[in-house]
Amino acid sequence: MAGLSDEERVGCANILNLLPEIDLRSLCDTVTNKMIVVEDITEAKDTILVFTKNAEELLKRKKVHRDLIFKYLAKEGVVMSPTSEKHQLVKKALELWSSRKAVVDVKVQPETDDTRPDSTDVEAEVGVDAQVLGQQFCRWFFQLLNSQNLSLGQQPENWGPQHFWPNVRLRLLTRTGSEQIEEFEGAEMVNLRLLAMASEERLFFSPNLESHGLKVLVSPHGLLLVAVAGTIHRDGSCLGIFEQIFGLISSPLQDNNWKIKFINLKIRGQDALSGTEVVAPALSYNSTDLQLLCS
């Protein structure tokens with residue numbers, strides 16, 4: 001029996017914590033074929049984890065409902081469409097745990113002359129950490145923004161101008177029949193415009209964090225560029241796709257936390273897509289386009 005990796009064990013345990021006691025005991029009976037009698041819910045969870053052959057098997061159990069996996073992913077900062085089916089949520093959870101395991105493996109691997117990255121290269125391929133940082137930022141940002149959409153029933157998180165540099169710029173290009181360009185400058189103005197998208201327009205942003213939907217570049221001067229594509233939804237309906245480029249700079253006065261220096265956001269409605277793949281949209285920007293923003 002292969003069992004669970006450390007990352008899978010932690011993730012599965014967090015999902016099991018969301019189950020009511022009656023479902024947890026029933027699941028324990030199923031996994032052990034009623035061969036083990038447990039005394040309490042803690043023992044039930046531990047027994048389930050021990051007797052589970054692999055994470056996918058556990059996630060596909062009937063008692064592990066779709067909504068539980070969705071709530072778990074949301075808590076982990078993974079933004080998924082509210083209409084996602086269970087198999088899509090299972091796939092995303094497995095990918096999340098696999099990516100975390102890969103990061104751990106990379107960090108413990110000894111560095112050699114062959115594996116040491118070139119620190120002056122602007123491409124994100126200089127190391128796994130930049131790509132992982134981009135994924136983590138996107139999960140944090142879109143979870144934070146989507147939480148301002150009260151129609152989703154989430155508790156709004158701490159959104160505000162504190163996440164932006166004072167002179168931040170937002171360029172918004174919208175193509176929904178006609179083309180419209182809006183530009184905003186300053187932390188308060190940018191904060192309010194983005195907030196309005198979630199709280200007033202009730203938009204839900206679902207980023208595609210796969211390799212074809214996310215690109216991360218690092219300039220020699222410390223500018224981190226994160227480009228991501230995704231879909232936009234409202235009330236369960238897909239309205240179109242978006243491509244968003246973030247320019248991030250760490251703040252030495254705030255524990256080197258990354259703050260947003262600029263945002264270029266392009267939105268295309270269904271009418272303007274002309275056959276573009278909507279389920280998992282890919283970035284149209286190439287490395288050259290992004291490198292120009294680093295200069």
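Computed from a predicted model, the values in this text were never measured in an experiment.
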Would Lys215 and Glu243 pass as an ion pair if we require N to O under 4.0 Å?
no
Partners meeting ring pair (Phe, Tyr, Trp, His ring centres under 6.0 Å) with His233 (sequence neighbours left out)
none
May I ask you to say whether Lys63 pairs ionically with Asp23, meaning some side-chain N is under 4.0 Å from a carboxylate O?
yes
With a cut-off of under 6.0 Å to the ring centre and 45° to the axis, is Arg139 in cation-pi contact with Phe142?
no
Hey, are Glu201 and Arg193 close enough for a salt bridge, meaning a charged N less than 4.0 Å from a carboxylate O?
yes
Nearest heavy-atom approach of Ser147 to Glu157 is OG-N, 3.0 Å
Are there more than 12 heavy atoms of other residues, nucleotides or ligands under 6.0 Å from atom NZ of Lys71?
no
Mind checking the NZ-CG spacing from Lys45 to Asp40? Nearest 0.5 Å is all I need.
9.0 Å
With a 4.5 Å limit on heavy-atom distance, are the side chains of Val216 and Leu133 in contact?
no
Is the ring pair His163/Trp140 parallel, tilted or perpendicular, if the boundaries are 30 and 60 degrees?
perpendicular
Are the aromatic ring centres of Phe246 and Trp258 under 6.0 angstrom apart?
no
Pair Ser237, Asp235: side-chain N/O donor-acceptor within cut-off below 3.5 Å
no
Closest approach of Trp159 to Gln148 (non-hydrogen atoms, all atoms of both residues)
CB-NE2, 3.4 Å
Met189 atom CE, neighbour heavy-atom count above 12 within 6.0 Å
no
Donor-acceptor side-chain pairing of His212 and Glu210 below 3.5 angstrom:
no
Side chain proximity check, Thr174 to Arg268, heavy atoms < 4.5 angstrom:
no
More than 12 heavy atoms of other groups within 6.0 Å of Ile181 CD1
yes
What I want to find out is whether Arg169 reaches Glu183 closely enough, with some N-O distance under 4.0 Å, to be called a salt bridge.
no
